[in-house]
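Before any comments, here is the structure.
In listed order, ligands and their atoms are each counted from 1.
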Amino acid sequence: MKKVLIATEKPFSKQASDGIKALLQEKGHKVRTLEKYTDVNQLYEAVADVNALIVRSDLITKEVMAHAPNLEIVVRAGAGYDNIDLDAATQKGIVVENTPGQNSNAVAELVFGMTVMYIRKFFDGSTGTELLGKKIGIQGFGAVGRCVARIAKGFGMEVYALDTFAPEEVFEKAGVHHVKDINELYKTCQFISLHIPANSETVKSINYELLSKMPKNAVLINTARAEVIDEEGLIEMFQNREDFGYIADVAPKNKDLIAERFPKRFFFTPKKCGAQTSEANNNAGLAAAVQVNNFFESGDKKYQVNL
Ligand code: NAD
């Protein structure tokens, strides 16, 4: 019997939470939840005796790990894991996993929900434009990027995709144009949708030089991470290109400045909500529980991210 803590500042839905508990308890594990905590000391106290931790966007720092001497595995129910200090985990021999692909359809649907709203001028009664026949560039062709391609094709868009690591078959299978040069992607596509992780290579990599290559009526859509944008370059693009629009589920630090100076050319969700559907909630939470079970049953670390 292992002790598992579900620590969520922003809780899972009741259905997901019940499902997660049931899956873990079926395997004999003891499950506790810490929801809507407001003070990190509550988390420090709750992790004191746990072997496994299931979290969402909760910050799992070196300090949290220092309070959890028995911790063996942390599973981030979701795709991005930049909320977890991987180096600290590795040093302590703690396995960190994510649950890739479980919320990707939710994020991809949001891309198009926001895009249609933007090109229809926020439904203000003026004349908008359509997606049919337009070119979309997908940067990062992983789980979300591939869902975006599927939906884009449904809209009748021409789909271009770039991914530094994905093998050729992935592009062939999805029936999209494989672009290898990032400048080419930005030059070709009126719409660019970002689906890359935030890491030392990608942080601030979307800069003015790249954005300024985009064709007329360029729209940048970011449901990935705010950090991948060079905000100075973004503002320069807004200044120099009146036709440019920016839509994000991960609002920039300078969102107030952008709102004041460039009205009607942006949309930011009030809070990150790409994965916020009951389906995604369920999928990611249940996958996390199964991964914890598999880890304790057979040592399975298929989704380990701190290799
Ligand atoms: P994923 O790991 O399945 O896909 C990411 C892809 O990016 C991989 O195929 C990888 O090869 C590729 N990649 C990595 N570095 C690259 C680079 N420098 N250039 C081009 N491609 C590169 O992840 P995913 O589930 O598709 O998620 C993508 C992004 O979306 C992540 O940043 C994740 O944090 C974010 N996300 C946001 C939400 C939200 O709520 N808005 C939800 C899920 C995921």
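Following chains of ILVMFWY side-chain contacts shorter than 4.5 Å, one cannot reach Ile73 starting from Leu59, and the two form parts of different hydrophobic clusters.
The distance between the ring centers of Phe141 and His195 does not fall below 6.0 angstrom.
Scanning the protein for heavy atoms near atom 44 (C) of ligand 1, the closest one is Ala79 CB, 3.8 Å. Nearest non-hydrogen protein atom to atom 42 (C) of ligand 1 is Val107 CG2, 3.2 Å. Ranking the protein heavy atoms by distance from atom 43 (C) of ligand 1 puts Asn103 OD1, 3.5 Å first.
Residue nearest to atom 30 (O) of ligand 1, selected from Gly274, Ser57, Gly142, Ala224: Ala224 (by heavy-atom distance). Distances from atom 29 (C) of ligand 1 to the heavy atoms of Ile196, Asn199, Asp249, Val144 put Ile196 nearest.
Formation of a donor-acceptor pair under 3.5 Å by the Asp243 side chain with backbone atoms of Asn217 is found in this model.
The pair Asp300-Lys302 does not meet the salt-bridge criterion, since no charged nitrogen lies less than 4.0 angstrom from a carboxylate oxygen.
Taking a 4.0 Å cut-off on heavy atoms, Ser104 fails to register as neighbouring ligand 1. Note on ligand 1: Arg225 sits in its first shell, one or more heavy atoms being nearer than 4.0 Å. Using a 4.0 Å heavy-atom cutoff, Gly78 is absent from the residues neighbouring ligand 1.
Neither the backbone nor the side chain of Gln139 comes within 4.0 Å of ligand 1, counting heavy atoms alone.
Considering both main-chain and side-chain atoms, Thr202 never comes within under 3.5 Å of ligand 1 through any nitrogen or oxygen pair.
Taking CZ from Arg76 and CG from Asn98, the interatomic distance works out to 8.5 Å, rounded to the nearest 0.5 Å.
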